[in-house]
Every structure is written in structure tokens, then in C-alpha cells.
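In what follows, a single structure is set out as C-alpha cells and then discussed.
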Amino acid sequence: MLGMLKRLRQGLTKTRENFVKRIDQAIRRYDRIDEDLLEELEEILIQTDVGVETTMKIIDRLRERTVEERTKKPEEIQALLRDEMAAILGGHSPPSTDVELTTGPHVIMVVGVNGVGKTTTIGKMAARYKQEGKTVLLAAGDTFRAAAIEQLEIWAHRADVDIVKHQQDADPAAVAYDALQAAIARNVDILIIDTAGRLHTKANLMEELKKIKRTLGKLADGVPHETLIVLDGTTGQNAQTQAKIFHEAMGGISGIVLTKLDGTAKGGIVLSITDSLSVPVKMIGVGEGIDDLQDFDAKSFVDALFE
Amino acid sequence: MFEQLSDRMDSVLKHLRGQGKLTEKNIDDSLRQVRRALLEADVNFKVAREFIENVKEKALGRGVLKSLTPGQQMIGAVHDELVELMGEAASPLTLMDTPPTVIMMVGLQGSGKTTATGKLARMFKQQGRQPLLVAADVYRPAAVKQLQVLGESLDVPVFSIEGSEDPITICSVALQKAKQAYQDIVILDTAGRLHVDEDMMAELQSIKKAVGPHEILLVVDGMTGQDAVNVAETFNDQLDVDGCILTKMDGDARGGAALSIRSVTQKPIKFIGVGEKLDALEPFHPDRMASRILGMGDVVSLVEKAQASIDMDEALKLEEKLRKETFDLEDFRTQLKQVSKMGSMEDIMGMIPGVNKNALQGAEMDEGAMARLEAIISSMTLNERRKPNIINGSRRKRIASGSGTTVQDVNQLLKQFNMMQKMMKRMGKMNKPGKLGKMMPF
């Protein structure tokens, strides 16, 4: 557990340096809390990709609380800020990634726009479940992008799990169907279905996702048990729109995986997303190693940001 | 692309347009809203602040307060500043007199380097050049394979060294091969890397040193947030890039990255990726984009698009028919075909000045409608197409079942055509039909 926290802190180094250092600097320049200081904080939050709306919300709360609690010293505002950020993130109960094994395979479908890291995430998830002693099957549902199937195959090989694949350009729904059939027949614990990246604005491609889901439903009830959307941590405010539209199209997304957080100085997107959607952030990617895909925990996230 | 930013700008500016007189206060108010619109579009914070300051200075300098049309003046100031921010003219790639021209693609993971490489290769091939693609991404699983598949579909050679883990050697050897094989363009597809990864950035510098690329293109995901400028700045500091390709611009991202990058690095955006298919790469025209953002349309691109996809002979024939008032359903079908070659309706509408985007949004352009119209007309006999008057009830039924539509659909088409014919007659009586009218009769 301690190792995990260390990794999280490491992954968020960029964000922390950018964020906390600048807050410290701002606070030091003021001898009392006033509008100018609040405006500077607002600027820092927006630059961390917290998003205009969520930022305004946080700043308004800070303004209220400094009056209510008669806070005057600038140093004290940092604690308030931390509080408010934790409040936004903690609004949703931390989801568990522990899979409850029911009868039949637990099916996870992974969706998202192009280039966010779906296939890599699946590779890491597979390795993790395998380590936990579960049997895993992967479905190469990205039949569109050149060599996507090969990419997943390499991951399957690394994680030492099986894979079901068709040819390039095959119907992804057929791949998913076959994979589920195989998963049931082989009695595996977890089936993870990869899908091609698609922009949420392409209506026909969103229909294709629905079709995959419908097709799976023909074999078993309540399948897929989980639909995860992968979002790129360096994406700006569009990440919200992506999550929202996939959520609507898929009839509910069960969780968000936020990748590439180690490369960005702008981890604030986590706040922006949690604030605007009722979908929980489930896992975050803070590095390239297999262990760098972590369960998201609001408290450790905020701690890692500030300390 | 840019729709949401454009919508926001529109509502702010609409308010200004109506004002008979502006005070410094309502300029400040509206500029604050513009700033918020920019921030929500992921425009970098510093860039947004500078933008607002400049617009205000410009507007006041032009005497907005005393002007008779202060709203217009303001919009003009915003437009000019947008153009300045994004750079004025398009900047094409510089090709060497002595081939091969070496182009090096760099960027973060998942930004779309390999796809952009394929798109560039297709563009060059269409121009009659011989590109060579170099698979220098030795890290991501199956990256080499991805480029090979793309190369195969384009019939463009792909150079790779199996088992090699040294991109520098791969690139140098590739360059030799290109010279021997008289390939005039070499595109190096490097591995995606985080700009904060020092070792990986050093590797790019070594490649640059070894092959001396003529163009280094930074590929940036158009949906990137506030970090876009950091990414661009770092890559530019280390490699002195020549320009950018912004990808995934067909989504509804608000394109703030596009506005920020050039302002911070002073390097132009050369191309934008607007789709998954290999032909979806467009040169970037900042001045036209500024007009689009402000809802002023982009007639230049529209006309260019029309020129590229419309057969001039056909157009002349059509003009003749219009003048003689013999425009029939057969001609209508030809026209439908030509218009659909120009791209999606949504695309086309976005370029027409004054088209209310909000009104379009709810309606969700029915791309299938064009195909249905075509199907209906194709289900008619030649005689029916020439003389639509003869289409009676039983013919309508036959046409409907032939085209998989309903009689109502057929009726509607005939009614529309009727109205169009009347319009054409009126236009035919004018000396020359307007350019736009000629292309888009509905």
C-alpha cells in the first residue's frame, strides 16, 4: 500500500509542483485574504484544467467560508481549498475495482475516443487480474485501426492471458459475441472487451457500440457488467463531453479510467469530471509500468496533490 | 470543430451588435464573457488574458466608443485579433529542391502521429511524389505493424528493421535507402513520448542530428487542455519544430489548443486532421478559421471545395439549362451527386455565412436524406425524370417501392422540385445566376 502511494505521488509530481508551488507563492504575496488573492487562485485552478465552472464553484465556496469562519490569514486558505477539493472528489463513494465473481464470466467493456490508451489499459488490467489469480480472456474488438489486434495480442502475451480475435475490419459485435461464448465455455472469471477508438460525435460509430452491447445481451443477462470509459488526462474540458455522451449512448458508464496523468501538469481534470458527472473515477494511470494503473481514491489523490 | 466556442462568441457578439452606443463598462462586460468562452474552450489562460487586453486596446484605439456602429467595430477587433493569434496565411510544407525531403513526426502518445503519417503519405502520393515511410516507433506494441498496414493500403513503401531497437540507426539507414531508391519524400514516424521524459526527448535530438530533417512536425491532439502549450513549448525548445498538425478536429473539442499553440511558440499549424479515413487531412487556414469561429462563414473554402469536386463541364451544361428553363429531375440528380461529393451537409452548412448553427444542431443533419433523394430519382424512368408531370398515383407507388421509400417521400420530393423549378425560372431570367445559387439550388 505504501508503495502505491509513493507511485501516486511520483506520478502527480508535475501537477503538484505546478499547483501547490504556485498557490504557496500567491499566498505569500498577500497579507490578507482579498479578491485579488481569490482571483489568483482562480487563475491557478483554471490552469490546472479544473474547468471554469468547477473553479467558480470552489472560489465561491472559499469566499463564503472566509467570511463565515472569519479567516483572515492567507496561509489558512490552503487548508480550506484542500477541504473543498476533497469535498468535490469525495461526493461519490470510492468505487471498488474488486470484481464480484458471479456465475459466469464478469464482462468488462472498454470504450473511449482515439488514442486515449484503451488497449494499454486493458493490458494492464489483464495483468493485474491475472496476478490476483483470476482467469482472464481478452476480446480484440478494435477491428478498425491498423494493427490494433496485434497490439492487444502482444499485451495478452505479456500478461499471459488468452485472446479471441477476428480479422481486421470484421464486425466487432461478432468478435464480442464469440469472445463471450468462449468465456462461458472456458469458464473464465473475467472477459475484457477492447473496442475501436471513436469520437463521441460520430453517431454511426456510437450505434456500433450499442450494437456490441445488444449482441452480448443475447448470450447472457446483465452483460456487460461494467462499461469503462478511458479518458486521456491531458485532454481539456472536452473530457467532460466525452464522458457524458458515451454515458448516454451506452445506457450508463460504470466508471472512468483516467490515463497519462503523469505527463500532465493538469491533474485538475479529475475535479472537473467528478463535479459535473455522476460517474465515478475508478482508476488512474500515473505511469507506464503495469503497476501504474491504480485504483482511484479521492483522499490519497488530494493528499498526493498537496504534500 | 470550434462550434461551441463559435456559439459562445456568437451570443456575446450578438448582444454587442445591437448596441447603438458602447460604454467602457459594457465593453469590459462583454470582453469578460469572451474571456470565459475562450477559457472554456481550453485556450491557455495567459493567451486568453493577452487576447482580451489586445482586443480592448484595438477597439479603443479605433474609437469604438464614438463610432456609429460600435458593435461592428468590436467584432472587427475580435476578428483581427483572432487572425493575429492564429497566424494569417496558411503555411504549406517546404519541399527541398534536391530530394529527398525528410519530414519527422513527433508528439505525445496517442496524439495520432502514425495516422497523420499515413495521411501525409497519401497526400504526397496524390501529388505524384514517391514517399517512403519509416517505422521508427520501436516501443509501442505493434506500432511498426500499424504503419506497415497503412503503407500497404496506400501502396507506399514502409522501411523498418526487424528486431532493431535503435530508432537512430533505423532513420539513418532509411535515408540512405530513400536516396538509392529515388524516393523524394521520407516521413519518419517516431514513438510517442511525454515531453517530460528527458531520455526520450534526447533520443529525438539524436535522430534530428543524425538525419537532419527539413520539417519537424509536432502532432498535437486537438482536444488537449491547458497543458497543450507546455507540450508545444517543450518540443519546440528541444527540437525547434517547424509546425504542428492538430488531430481529431472532427470532434466537438473547442480547439483552444489551436489558438494557444501558435501564440506561444510562434510556429504555424500546418494541417488539421478531420476524420479517421486517410483522406481526412486539410491544410489549415487561420484567417478562414477566425471567420468560422465568429460565425462569419467561410465562403472561400466553400468555393474551393466546390471547385475541387464539381465538374466544370457539368456546371456549364447546367447553366445552359437554367437559362433555357429546361432543368429536369435528371439534372437534379447530377447536381445532388456533385454536392454530396463536397462533403457532409453539416460541413457545408458551417461554411455558409449567417447559417444559424443552433438551429442546425437540434435538427441533426440527416446525411441519409441526400441518398434517399437520389434513390427516389433513380427509381424513375428516364421519361419520368424528363417530364415529372406524368408521374401519377400508380407511378408514385412504383417509385416508392422501388426506392424503398414511401409515397409521401416521393410526393415531397416532387413538391420540392416544383418549387425549385419556379425558383430557377426566376433566376434564369436574371442575367447570370449567382455563383452559389448555381451550386446549391435548394
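In what follows, chains carry the letters A, B, and so on, assigned in the order in which the sequence lines appear, proteins first and then strands, with residues in each chain numbered from 1. Just so you know, these numbers come straight off a predicted model, no measurement behind them.
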* To do: Quick one: do B:Met223 and A:Val113 satisfy side chain to side chain contact (heavy atoms under 4.5 Å, CB included)? Show the steps, please.
  => CA-CA 11 Å; B:Met223 300 187 288; A:Val113 305; 3.7 Å; yes
* Walk me through it: do B:Gln226 and A:Ile46 pass the test side chain to side chain contact (heavy atoms under 4.5 Å, CB included)? => CA-CA 8 Å; B:Gln226 293 280 329; A:Ile46 286 179; 4.1 Å; yes
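At least one side-chain heavy atom of A:Arg158 sits less than 4.5 Å from a side-chain heavy atom of B:Pro141. Within the 4.5 Å cutoff, the side chain of A:Glu150 has no heavy atoms near those of the B:Gln146 side chain.
Residue-environment remark: CD (A:Glu53) stays at or below the threshold of 12 foreign heavy atoms within 6.0 Å. Counted within 6.0 Å of CD on B:Glu233, heavy atoms from surrounding residues, nucleotides or ligands total more than 12; the atom is thus considered enclosed. For NZ of B:Lys277, the number of neighbouring non-hydrogen atoms (other residues, nucleotides, ligands) closer than 6.0 Å is 12 at most. More than 12 heavy-atom neighbours from other residues, nucleotides or ligands sit within 6.0 angstrom of NZ on A:Lys202.
Here the closest heavy-atom approach between residue A:Asp49 and residue B:Asp42 is recorded as OD1-OD1, 4.2 Å. Nearest heavy atom pair, residue B:Ala142 against residue A:Gln151, reads CB-N, 3.3 Å.
Of the listed residues (B:Val149, B:Thr224, B:Leu147), the greatest number of heavy-atom pairs within a distance under 4.5 Å of chain A belongs to B:Thr224. Counting heavy-atom pairs closer than 4.5 Å to chain B, the top-ranked of the candidates A:Thr119, A:Thr120, A:Val52, A:Leu199 is A:Val52.
The part of A:Gln242 that comes within reach of chain B is its side chain, from C-beta onward, which places non-hydrogen atoms under 4.5 angstrom from that chain. Heavy atoms of B:Arg35 lying under 4.5 Å from chain A belong exclusively to its side chain. Neither the backbone nor the side chain of B:Gln148 comes within contact range of chain A; no heavy atom of the residue lies under 4.5 Å from a heavy atom of that chain. Using a 4.5 Å cut-off between heavy atoms, A:Leu205 contacts chain B through its side chain alone, with no backbone atom that close. With a 4.5 Å cut-off on non-hydrogen atoms, A:Ile149 does not touch chain B at all.
Rounded to the nearest 0.5 Å, atoms OG1 (B:Thr115) and CG (A:Asn114) are 8.0 Å apart. For the atom pair CG of B:Leu39 and CD of A:Gln237, the computed distance is 9.5 Å after rounding to the nearest 0.5 Å. To the nearest 0.5 Å, atom CG of residue B:Leu108 and atom CG of residue A:Asp232 are 8.0 Å apart.
Between A:Arg145 and B:Glu276 there is no salt bridge, since no side-chain nitrogen of the basic residue lies less than 4.0 Å from a carboxylate oxygen of the acidic one.
Using modelled atom types, one side-chain atom of A:Lys260 and one backbone atom of B:Gln109 make a donor-acceptor pair closer than 3.5 Å.
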